[in-house]
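All values reported here derive from a predicted model rather than from experimental measurement.
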Amino acid sequence: VLRIINRPARGVGKKAIDQLIAASTKRKIPIWELIEKIESETLGLATAAVSGLAKLKDTINDCRETMNTSTLVDSVMAMLDRTNYQREIERLYAEPEDRESRWNTVQQVVNAIGSYEGESKSPMLGEYLDQMLLGDREVNDEKEKQLRKNAIFLMTMHAAKGLEFPEVYLVGLEEGILPHHRSLGENDEGIAEERRLCYVGVTRAQDSLTMSMSLSRMKWGKARQRLPSRFLYEMLGKTDHPNYEKACQAANL
């Protein structure tokens with residue numbers, strides 16, 4: 001509760017939070033119980049704080065109601081919309097790259113929930129969160145073991161500059177990823193820089209190079225069709241292929 005009590009900002013400042021903690025400790029009840037009856041027992045809080053806490057209570061109750069009647073993905077999407085969380089990210093991060101990175105992380109969470117929901121007979125948010133936490137621990141433990149052996153290195157192409165490896169796998173050769181969607185629709189120099197980056201990735205391989213793409217990807221919990229990267233056609237010398245022209249026109253991805 002304390003992590004979300006004023007995020008996005010709703011007028012609940014440090015003084016109000018300290019007052020809630022003090023009342024919770026004195027009465028020996030959870031803070032949420034105080035918030036549930038905040039309009040009948042204001043606890044001496046400022047009007048703005050009482051109003052903000054009432055909004056928080058209504059938001060959570062609305063999300064609970066949605067979760068009883070909708071899928072997990074739709075429920076989470078409704079929560080993001082209800083809290084206007086994207087605007088909060090824009091408020092917190094000034095740089096477009098930071099904003100995009102944070103919002104992409106939110107999208108990945110929704111995609112993961114969609115995958116879990118598709119595989120579970122009776123999906124529940126609490127069960128998903130438990131699996132995610134336990135899974136992270138197992139992955140981290142396994143990573144530590146692999147790093148003590150011969151290991152696979154997972155890195156960006158920027159980080160790979162100056163390095164070489166016997167075998168290289170380039171994944172995600174799709175319009176919107178490579179070239180990145182930020183470069184689409186820009187001047188030719190933006191695409192040229194992405195092409196140079198692709199060249200860097202290709203030339204990291206000493207013995208073998210494997211390139212791949214996905215025909216579809218999960219975006220906001222739903223499968224979306226993907227287009228092959230224009231660079232794949234260029235490497236194959238097939239720039240006269242109709243799909244190459246289609247890829248080059250995909251600036252709206």
Side-chain angles (χ1 to χ4, degrees), residues 3-10 63 72-117 125 128-129 131-133 135-137 139-140 142-143 147 152-163 168-187 189-201 204 211-214 216-231 247 250-253:
R3 289 185 66 181
I4 67 168
I5 198 167
N6 198 44
R7 180 167 292 185
R10 51 177 62 89
C63 290
L72 290 185
V73 166
D74 288 343
S75 298
V76 173
M77 292 294 292
M79 180 186 67
L80 292 171
D81 182 64
R82 181 78 165 77
T83 58
N84 211 343
Y85 196 67
Q86 187 170 16
R87 188 170 68 181
E88 173 68 1
I89 289 176
E90 292 171 355
R91 184 184 72 83
L92 291 173
Y93 301 96
E95 295 297 325
E97 293 82 2
D98 293 336
R99 291 176 176 178
E100 183 179 18
S101 174
R102 295 288 175 170
W103 191 239
N104 283 343
T105 300
V106 175
Q107 178 182 316
Q108 289 167 16
V109 172
V110 177
N111 289 344
I113 292 173
S115 297
Y116 158 75
E117 198 166 26
L125 187 59
Y128 164 74
L129 294 173
Q131 287 187 11
M132 182 178 67
L133 292 171
D136 280 350
R137 290 178 195 151
V139 168
N140 288 336
E142 183 63 23
K143 183 184 286 187
L147 287 175
I152 294 172
F153 291 87
L154 178 65
M155 64 179 66
T156 65
M157 284 187 283
H158 286 96
K161 288 181 179 178
L163 303 175
V168 168
Y169 292 81
L170 293 184
V171 299
L173 270 85
E174 304 152 32
E175 289 293 303
I177 297 180
L178 189 67
H180 195 272
H181 69 82
R182 281 202 302 268
S183 69
L184 300 176
E186 294 182 356
N187 53 35
E189 183 55 34
I191 297 295
E193 178 59 32
E194 292 289 285
R195 186 177 287 108
R196 285 190 286 270
L197 186 61
C198 183
Y199 176 80
V200 168
R204 298 310 90 197
M211 295 179 286
S212 71
M213 61 161 290
S214 295
S216 66
R217 284 185 182 273
M218 292 285 282
K219 188 170 184 178
W220 298 115
K222 300 184 185 299
R224 313 284 183 178
Q225 188 176 1
R226 306 297 299 176
L227 284 172
S229 169
R230 67 192 68 187
F231 301 149
N252 61 337
L253 285 177

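Side-chain contact check for Leu72 versus Tyr116: some heavy-atom pair is nearer than 4.5 Å. Side chains of Leu80 and Gln86 form no contact here, defined as non-hydrogen atoms less than 4.5 Å apart. For the pair Leu170 and Met157, the minimum side-chain heavy-atom distance is below 4.5 Å. Residues Arg226 and Ile177 meet the side-chain proximity criterion, which asks for heavy atoms closer than 4.5 Å. By the 4.5 Å heavy-atom criterion applied to side chains, Trp220 and Val106 are counted as neighbours. Side chains of Arg102 and Arg99 form no contact here, defined as non-hydrogen atoms less than 4.5 Å apart. Side-chain atoms of Trp103 and Tyr85, non-hydrogen and from C-beta on, do get closer than 4.5 Å to each other.
By the side chain to side chain donor-acceptor pair (under 3.5 Å) test, Tyr128 is found to be paired with no residue, residues two or more places apart in sequence or in another chain being considered. Residues passing the side chain to side chain donor-acceptor pair (under 3.5 Å) test with Arg204, sequence neighbours excluded: none. Taking the side chain to side chain donor-acceptor pair (under 3.5 Å) definition, one finds that Arg224 meets it with nothing, sequence neighbours left out.
Checking side-chain atoms of Glu175 against main-chain N and O of Arg230 turns up a donor-acceptor pair under 3.5 Å.
Distance check, rounded to the nearest 0.5 Å: CD1 of Ile113 to CG of Leu129 gives 7.0 Å. Taking OG of Ser229 as the start and CD of Glu174 as the end, the distance is 9.0 Å to the nearest 0.5 Å. For the atom pair CD (Gln108) and CE (Met218), the distance works out to 12.5 Å, reported to the nearest 0.5 Å.
Taking both residues in full, the closest heavy atoms of Arg3 and Arg7 are given as O-CB, 4.1 Å, listed atom of the first, atom of the second, then distance.
With respect to Arg91 and Glu88, a salt bridge is recorded, a charged nitrogen being found less than 4.0 Å from a carboxylate O.
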